[in-house]
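Basis for what follows: all heavy atoms, side chains included, without hydrogens, waters or symmetry-related copies.
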Amino acid sequence: MYSITKNIKRTSFLLIFIGIICLGFGFFESLSSHVSDKEIKYKVKEVYKKYNKEKGKTSLEDSLNLYQKMHDNLIFERDSIMRTNFVNSEGYSNWLTTLTKKKEFIEIKIDEFELNNSDVMLLILSEIEKDLNCHFTSAEIEKSKSEEDVYVATKHYFHAKAQRPWSSILWSNLFFLMVAVAAGLWWAIQYVARAGWSAMILRVPQAITSYIPYGGGIMLILIILAGLHWNHIYHWMDESLNNKYVVESSIEKDHPIYTNEEVYIDSSGEELVLADESLINKYVVESSLDLDYPIYTNEEVYIDSNGENLTLIKNLYYDSSVAESSYLKKNSHYDYIVANKSIYLNFPFFLLRSIIYILGWVWMISLMKKYSYNEDRLGGKKWYQKSFKVSVAFVLFLGLTSTTAAWDWVMSIDPHWFSTLFGWYSLASFFITACAFIAAITIYLMYKGHFKSLNNSHMHDFGRYLLAFSIFWTYLWFAQYMLIWYANIPEEVVYYQERYEFYKPLLLMTLAINFLAPFFLLMDRSAKRSKGTLLFVAILIIIGHAFDVFIMVMPGTMHSHWHFGYVEIGTFLGFLGFFILVVFTSLSKRQLVQKNHPMLGESKHHEILIH
């Protein structure tokens with residue numbers, strides 16, 4: 001009978017304490033430095049006006065467009081002449097050459113201006129960094145060409161900072177929850193395969209599954225708080241992304257009113273309709289008058305996405321009576337892709353699915369535990385057969401729910417991205433980590449004098465598990481990456497672009513730890529039979545796949561403003577301490593060996609013969 005030691009308890013509580021302190025500081029830091037979107041917009045507009053010196057650019061671009069048009073017309077004329085019997089003269093060629101040189105001269109001038117404009121943007125961004133105490137990445141600085149770009153970059157920084165502690169909780173809890181679920185899968189597979197070698201150590205994966213109710217409860221709380229908008233991990237829950245229209249009078253409020261209907265009846269019974277843009281905006285961009293959809297605005301200055309200050313004129317169709325009344329207008333935040341996924345990605349259905357996953361896992365695992373305890377207490381093969389049947393059901397249920405849970409809890413963090421292989425890839429990651437935890441805990445208990453009947457052949461089987469599934473995980477990683485890279489579809493490629501641009505060192509390190517280390521360290525037969533080598537590799541795999549889950553979660557929540565500091569490390573250590581406490585407490589409640597398991601004799605005399 002195993003009893004949890006004081007050292008295990010002290011270490012666990014110390015880690016939990018560290019986690020609470022670090023997470024508390026993370027929340028304090030995010031709340032104390034919070035800047036609202038309104039404050040950001042005001043500051044950006046103020047600084048942008050201070051440095052905005054757009055002079056000469058429009059005339060240069062107009063000249064460029066004129067020369068380009070003349071150039072294209074001359075080429076067309078030349079081609080038309082060449083199709084006749086008339087041979088173009090030397091004068092014509094000289095004329096075309098002169099015009100091309102003028103065009104190139106204008107292009108050089110515009111490049112010089114844009115270089116000067118980049119210097120101005122650097123000054124703007126530097127002042128905003130100083131005034132709001134924020135930081136921009138080199139990619140954000142490079143992409144900032146207009147006031148809107150600066151506003152988005154600044155807003156993104158503060159949003160990411162607010163999500164930091166929540167993202168750390170999701171990363172740590174998801175990791176240990178799914179490892180516990182995968183340990184249940186490992187346990188069930190031993191029954192389904194009628195494996196004999198592992199009969200002595202089944203209490204270890206059984207104990208690891210004890211974390212599922214705790215991790216599942218934390219996961220549900222995190223999802224409910226996301227639905228209440230306490231956090232924005234799953235930004236598809238933002239109402240503004242799913243609705244085409246917004247009530248204009250509510251835009252400046254904390255909670256704007258959104259709708260997909262072109263007619264909206266407010267709380268007072270007033271009927272609001274979609275207003276014509278030409279009636280509610282004072283100005284129109286002069287160069288857009290000949291377009292099918294002219295550009296209207298109420299701002300006295302309009303700068304397009306290229307940073308160009310466009311000429312505005314008064315809108316003759318403006319109607320002050322319509323503009324000052326309540327009406328609907330198009331929602332600029334509307335996301336077509338997210339909105340079309342709302343049948344599946346909506347909060348009530350999302351929460352319902354999560355409850356089904358967790359309750360299903362807890363119920364089936366509790367049945368397997370019940371039959372295991374009854375087998376110890378009452379004996380007979382009846383309970384083994386019942387465990388076999390429940391294990392088959394659990395494997396089938398987990399085969400479906402592990403995939404949909406990966407879609408829901410991880411893949412929906414990046415709602416524009418999708419991969420049909422992602423469910424299997426994530427399950428492979430959690431399964432190999434579960435194998436590593438089972439091996440590490442078993443070897444630890446062997447060092448403490450337990451499992452005296454375990455021999456080098458049992459270690460050899462653990463080594464084969466770790467090596468085989470490390471290779472399997474790598475195969476799935478490469479299969480997903482290679483297919484996305486080869487197809488080169490923008491909405492798929494963006495997933496790896498962001499990770500490669502901002503997480504490259506961590507990404508490469510994860511591949512090295514999760515594939516190269518097990519591959520080279522466990523290739524030799526003697527290494528697989530060594531407890532010390534197996535324990536070292538198991539710990540490496542646990543660390544490596546913790547990084548793998550980090551890369552799954554953080555780019556979608558933190559993007560380029562990610563950290564791996566005291567909040568992330570402290571939170572992970574806190575969850576690790578809680579996980580250890582739950583697992584070893586569970587181990588201490590029952591005998592370490594199922595004494596009436598029908599395969600126990602085979603397990604005690606397990607021997608791998610190599611000829």
Side-chain angles (χ1 to χ4, degrees), residues 1-2 182-209 368-369 371-373 375-376 379-388 390-392 394-395 431-472 518 521-539 541 583 586-587 590-611:
M1 185 79 177
Y2 169 76
L185 176 62
W186 192 94
W187 180 23
I189 286 173
Q190 307 311 306
Y191 280 100
V192 174
R194 299 188 185 275
W197 75 275
S198 57
M200 277 197 297
I201 59 171
L202 293 180
R203 285 282 190 255
V204 175
Q206 187 181 113
I208 294 175
T209 61
M368 291 171 65
K369 286 184 177 180
Y371 297 151
S372 172
Y373 300 154
E375 184 180 70
D376 269 4
K381 292 185 179 180
K382 170 187 173 182
W383 303 109
Y384 179 81
Q385 294 300 330
K386 285 195 172 187
S387 295
F388 171 80
V390 176
S391 296
V392 171
F394 180 74
V395 169
F431 186 78
I432 181 60
T433 312
C435 293
F437 266 111
I438 294 167
I441 293 170
T442 301
I443 293 169
Y444 167 78
L445 291 172
M446 289 177 69
Y447 280 132
K448 292 298 180 180
H450 303 282
F451 293 131
K452 293 180 180 178
S453 297
L454 290 182
N455 55 43
N456 289 341
S457 293
H458 293 93
M459 297 300 102
H460 196 144
D461 281 329
F462 271 132
R464 290 193 292 192
Y465 259 104
L466 296 180
L467 178 60
F469 282 97
S470 291
I471 294 172
F472 179 64
L521 293 176
L522 295 179
M523 183 62 71
D524 186 65
R525 177 176 180 267
S526 60
K528 295 188 189 75
R529 301 171 76 86
S530 166
K531 292 195 293 289
T533 303
L534 276 179
L535 183 59
F536 175 70
V537 173
I539 292 171
I541 288 172
V583 171
S586 178
L587 280 171
R590 304 281 174 176
Q591 290 183 338
L592 284 180
V593 178
Q594 295 179 215
K595 61 182 180 180
N596 291 322
H597 194 288
M599 304 283 190
L600 188 58
E602 182 181 337
S603 182
K604 286 181 177 180
H605 299 92
H606 178 57
E607 186 68 36
I608 298 174
L609 299 176
I610 305 295
H611 298 287

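- Nearest heavy atom pair, residue Leu600 against residue Lys595, reads CD2-O, 3.5 Å.
- Scanning all heavy atoms of the two residues, the minimum distance from Ala527 to Leu521 falls at CB-O, 3.1 Å.
- Atom OH of Tyr191 is separated from atom NE2 of His597 by 4.0 Å, given to the nearest 0.5 angstrom.
- Annotation: side chain of Arg590 is not in contact with side chain of Asp376 (no heavy-atom distance under 4.5 Å).
- Scanning all heavy atoms of the two residues, the minimum distance from Lys528 to Leu534 falls at O-CD1, 3.2 Å.
- Using a 4.5 Å cut-off on side-chain heavy atoms (C-beta onward), Phe472 and Ile432 make no contact.
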Give every donor-acceptor pair under 3.5 Å between a side-chain atom in residues 434-450 and any protein atom, sequence neighbours left out.
from	atom 1	to	atom 2	distance (Å)
Thr442	OG1	Ile438	O	2.7

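- The number of heavy atoms from other shown groups lying within 6.0 Å of OH (Tyr373) is above 12.
- Across Ala183 and Thr209, no two heavy atoms sit closer than the pair C-CG2, 4.1 Å.
- The side-chain heavy atoms of Phe462 and Leu454, taken from C-beta on, include no pair separated by under 4.5 Å.
- Distance CG/Asp461 to CZ/Arg464: 4.5 Å, rounded to 0.5 Å.
- Using a distance-only test at 3.5 Å, with no hydrogens or angles considered, a donor-acceptor pair links the side chain of Ser470 to the main chain of Leu466.
- Taking the side chain as every heavy atom from C-beta outward, Arg194 and Tyr384 approach each other to under 4.5 Å.
- With values rounded to the nearest 0.5 angstrom, Leu467 atom CG is found 11.0 Å from Asp524 atom CG.
- Counted by atom type alone, Ser387 and Glu375 present zero donor-acceptor pairs between their side chains at under 3.5 Å.
- Here the NE2-CG distance, from His460 to Leu522, works out to 10.0 Å after rounding to the nearest 0.5 Å.
- Side-chain contact check for Asn455 and His458: at least one donor-acceptor pair (N or O, by modelled atom type) lies under 3.5 Å.
- Residues Ser457 and Arg529 form a side-chain contact, since some pair of their non-hydrogen atoms from C-beta on lies under 4.5 Å apart.
- Using a distance-only test at 3.5 Å, with no hydrogens or angles considered, a donor-acceptor pair links the side chain of Arg203 to the main chain of Gln591.
- Here the closest heavy-atom approach between residue Ser603 and residue Met200 is recorded as OG-N, 3.3 Å.
- Ring geometry for Tyr465 versus Phe469: interplanar angle under 30°, hence parallel rather than tilted (30 to 60°).
- The aromatic rings of Trp197 and Trp186 sit perpendicular, their planes meeting at an angle over 60°, well past the 30° parallel limit.
- Put simply, OG on Ser372 and NZ on Lys386 are 14.0 Å apart, with the number rounded to the nearest 0.5 Å.
- Between Trp187 and Pro205, the shortest heavy-atom distance links the atoms CB-CB, 4.0 Å.
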